[in-house]
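Let me begin by presenting the structure, written as structure tokens, before commenting on it.
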Amino acid sequence: MNPQFLIDGLLTGSMIGLGAIGVTLTYSILRFSNFAHGDLMAWGTYATLLIVGAITALFGKVAPFSPLSFGWPLMLALALAMVVTGGLALLLDRILFSRLRAKGQMIIVVMASFGASMALRNMLEFLFTSRPAYFSRAIQIAMPVGFGLRITPDQIALLILTAVLVTLVHLIMTRSRIGREMRAVSQNPALARVAGIDVARVVRFTWLIGGALACVAGVMIGVLVQIRPLMGFDMLLPIFAAAILGGIGSVPGAVLGGLIIGLSEAAAVQIVGAEWRAAVAFLILMAVLFIRPIGLFGVKER
Amino acid sequence: MELLSYAAFFLTTALVFALITLGLNLQWGLTGLFNVGVAGFVAVGAYVSAILTTPDDAARIGGFALPLPLGWLAAMLAAGLVAAIVGVATLRLKSDYLAITTFGVAVVVQLVALNAQGLTGGPFGIGFIPRPFATLAETPLIFNLANLAVVALVTLLVYLALEHLAKSPWGRVLKALREDERAAISLGKSARFYRVQAFALGGAVMGLAGAVQAHFIGFIAPENYLPTLTFQVWTMLIVGGSGSNRGAVLGSILVWAIWVGSGTFVAAFVPTDQQARAAALQIVAIGVMLCLILLLRPSGLLRARVPREG
Amino acid sequence: MTRTVLSVTDLVAGYEPGVPIVRGASLTVREGEIVVVLGPNGAGKSSFIKAIAGLVPIFSGTVMLDDEEITKVPAHQLVRRGLAFVPQTENIFPLMSVEDNLKVAGGMLDRRDMTGRIEEMYGLFPDLRDKRRIAAGNLSGGQRQMVAVARALMVRPKLLVLDEPSAGLSPKFVSMVFHMLADIRKAGVTILLVEQNAKAALAIGDRACVLVEGRNAHEGRADALWDDPVVAELYLGRRHAAGPSASDKPMPEAQP
């Protein structure tokens, strides 16, 4: 087997892991599986694409940071689009999810997220058509890094970005006030209120983080592969599988789950062929559900 | 005459959807089990029956040219079996796991349909599926009416069977389980068994619907079974009012009418190069409608009775 | 006359509109007191104090905390107003360390104040200092109760409200919990609690009220209620025939 699958797997795993953090947080704090999460990824990517376009229109063509394929416009656009995507998630919660949540039937919220997913995705298809788009057409040369592995500068940059973001989220969850409050709400929402925690604020923050990370994951796919309305929805199964494999509610678990699934997918592509990639996540999901449904770092629910 | 023929064709398609929706109503409306992979179960039924009944084909396995009723029976068994396995794996866990797993089933079925060329014909699908009244095909009116009669009969039989089941002691247990979580917990393992049964039976009905549709169109391909199908069926059930078999049938006809109507409108008034975009907008509209109904009228549009929250 | 910390007037409350569980209960708690709410099962004791703590919808009546009306104040803002509540069960965050349980409750304190307050809590509950890094769910029943109470005390409440703090604890821990409450009162915290264990509660309480079918049936000084034969037999599970004996009698506590 060609060891290059390690690099491919690490990259796919990063995208899945970033998505899975959002899913695992919404699940543990809001108690529902958000089927629209993949579409937040796609919306974030298209938002980034639009902002890059606007910057180029304002400042003319900007030279990329050599040897990367992108320059400061993409970075600025990504930062802005993370806020936009977080805002979109908040808006969805305000007009749809929070109202259904108030009725107390969580599975109805899941259904609504499925409906919202359809609407969001097809809205993108309406606005941008299903033709793929790209951040850059430039072709990058992969550098050899030893052991027969090759990696492009873009890939290195995005892996570092993922590592930074994951560390940041982990620190927020374990060290900061809002992180403690998020853990408290996920463990016992009623007691959290009694302890003076503003649950509505925690919910808003959860959507912001989830949306922002979804945007980053989407842009990674956009930079390394291509931009399509379906790009997020196609990631949904691996993302859910990673969140469950890692143990619902665990941020390190979501990332580890993402990496395991990413590596397995990359290995499967070499062994059985790329067309069967999507089945890997499903097999892992079924195995987890049969053997250890609480996942690697999960805790039995009360 | 042509209009009547078209009406028969329209109603046949709508009733196939009604069959799928009836299966979903057994799973969701009666038992409260959330299936996001409806398209997968329909596809399993369609492919199994197609493989068993088509004439021999050198390009793929299968083509056993078995009689049609056998194909339909096998379709029900296969889809029911898949549903039962999913049920056993997930019904001891929180409801979200079932949703995610069924979603995965649909993805994998789609994958198999696309890639297992030797079994499913790959992206080109399976053709020459025997149609029950192929000899009548020269007079479309009679052909369509005959198809309608068969589909209507199957739908009626399934409808009556489900009504009967819902009123039987078995159905009452399911309702009790769904409405009283404590009863469900105290029943423990046997509660799960009841739910697996309901889920498998619902899956079997969906499989049957897939087979019926395959045999009156005569041709199937993977793109018939995309998540959009799941989404359409859910909208049909929610519009009709989940929990009611009558609502499931009426909701299917209504939503299919809206779908076809808006599709015809798009075809007539939108320039050809923009039609794909308009079709996307059509789905957006239905998605928004689904969310609005969940928000404003969770008991369904067609239901006059006091809502029993889904 | 000491200051009134809490005054509840004609409270009607319940989970569903039209089905009140609390049907016109009233109560006053003065500064420095321990007040006990007693009553038979299903009398609405627990709903009564949960309504005060903002967890059960109030249909009518008023709740005043230090001359401020808090009837409609949502639960999470009551802490800021000075009312801290300790639920009967699930009153800790089991997967968080003891210290994080305290920190999460002290969210509104500034950093230095928080550190100092946590030290004060370890002073009050020395057992917790050694367990500060351990997940609260792994502690013994009595220690969990300490975490729950310490969590509530983090923000220096004017009034500490507890729902059956002794429920489910072994006898050894029951006496520990009541000693702990007596100590907390000595530290200047006013306490309102619901209890099944009438004997132990009346022993540390100054005043008590007996709730029956959601209304006040009896109230008075703790020792007087204990000696009242009707109350004793009907609601406190104590045979009248036995009469008040020295061993049954609660320890007399000085009225503040």
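So you know, we letter chains A, B, ... as the sequences are listed, proteins then strands, and number each from 1.
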Mind ranking B:Ala279, B:Gly104, B:Ala285, B:Ala278 by heavy-atom pairs under 4.5 Å with chain A and telling me who comes out on top? B:Gly104
Of all heavy-atom pairs between B:Val284 and A:Ala119, which one has the smallest distance, and what is that distance? CG2-O, 3.4 Å
Looking at every heavy atom in both B:Arg277 and A:Glu125, which two are closest together, and how far apart are they? CG-O, 4.3 Å
Flag the one option from A:Asp234, A:Leu236, A:Leu283 with the top tally of heavy-atom pairs under 4.5 Å to chain B. A:Leu236
Is any side-chain heavy atom of B:Lys94 closer than 4.5 Å to one of A:Tyr27? yes
Let me know if A:Leu237 has heavy atoms under 4.5 Å from chain B in its side chain, its backbone, both or neither. both
Using the side chain to side chain contact (heavy atoms under 4.5 Å, CB included) rule, take B:Thr101 and A:Met286 through it: C-alpha gap first, then chi angles, then the decisive distance, then the call. CA-CA 8 Å; B:Thr101 309; A:Met286 288 305 272; 3.5 Å; yes
Should A:Ile248 and B:Tyr97 be marked as a side chain to side chain contact (heavy atoms under 4.5 Å, CB included) after you check the CA-CA gap, both sets of side-chain angles, and the distance that decides it? CA-CA 11 Å; A:Ile248 286 286; B:Tyr97 290 83; 3.7 Å; yes
For A:Leu124, which atoms come within 4.5 Å of any heavy atom of chain B: side chain, backbone, both, or neither? neither
Test item: A:Arg99 side-chain N/O and B:Leu295 main-chain N/O as donor-acceptor pair under 3.5 Å: no
Which one wins on heavy-atom pair count under 4.5 Å against chain A: B:Val105, B:Val86, B:Ile85? B:Val105
Can you confirm whether B:Phe265 is buried at CZ, in the sense that more than 12 heavy atoms of other residues, nucleotides or ligands lie under 6.0 Å from that atom? no
Kindly indicate whether the side chain of B:Thr230, heavy atoms from C-beta on, has any atom under 4.5 Å from the side chain of A:Phe114. yes
Given a strict heavy-atom distance threshold of 4.5 Å, which part of B:Thr90 is in contact with chain A: side chain, backbone, both, or neither? side chain
More than 12 foreign heavy atoms under 6.0 Å from CZ of A:Arg131: is that the case here? no
Portion of A:Ile95 that has a non-hydrogen atom of chain B nearer than 4.5 angstrom: backbone
Heavy-atom distance under 4.5 Å between the side chains of A:Glu275 and B:Leu114, does that happen here? no
Going through the checks in order, is the ring-ring contact (aromatic ring centres under 6.0 Å, His included) test met by B:Phe103 and A:Phe233? CA-CA 11 Å; B:Phe103 177 72; A:Phe233 191 70; 5.5 Å; yes
A:Pro293 and B:Leu93 have their tightest heavy-atom pair at CB-CD2, 3.5 Å
Under a 4.5 Å cut-off applied to non-hydrogen side-chain atoms, are B:Val112 and A:Trp276 in contact? yes
Under 4.5 Å to a heavy atom of chain A? For B:Thr228 that would be both
A:Met106 and B:Ser95, any side-chain heavy atoms less than 4.5 Å apart: no
Around A:Phe290, counting heavy atoms of other residues, nucleotides and ligands shown, do more than 12 lie under 6.0 Å from its CZ? yes
Under 4.5 Å from any heavy atom of chain A - which part of B:Ile238: side chain
Would you check, one step at a time, whether the test side chain to side chain contact (heavy atoms under 4.5 Å, CB included) holds for A:Met111 with B:Leu294? CA-CA 9 Å; A:Met111 190 191 298; B:Leu294 288 177; 3.8 Å; yes
Any B:Ile283 side-chain heavy atom under 4.5 Å of A:Phe126 side chain: no
Given the options B:Ala280, B:Ala89, B:Cys291, B:Gly287, which has more heavy-atom pairs under 4.5 Å with chain A than any of the others? B:Ala280
Heavy-atom distance under 4.5 Å to chain A: side chain of B:Ala276, backbone, both or neither? neither
Would you name the heavy atoms of B:Val107 and A:Ala278 that are closest together and state the gap between them? CG1-CB, 4.1 Å
What part of B:Ile100 gets within 4.5 angstrom of chain A, counting heavy atoms only: side chain, backbone, both, or neither? both
Any donor and acceptor pair, going by atom type alone, linking the side chain of A:Asn122 with main-chain N or O of B:Leu281 inside 3.5 Å? no
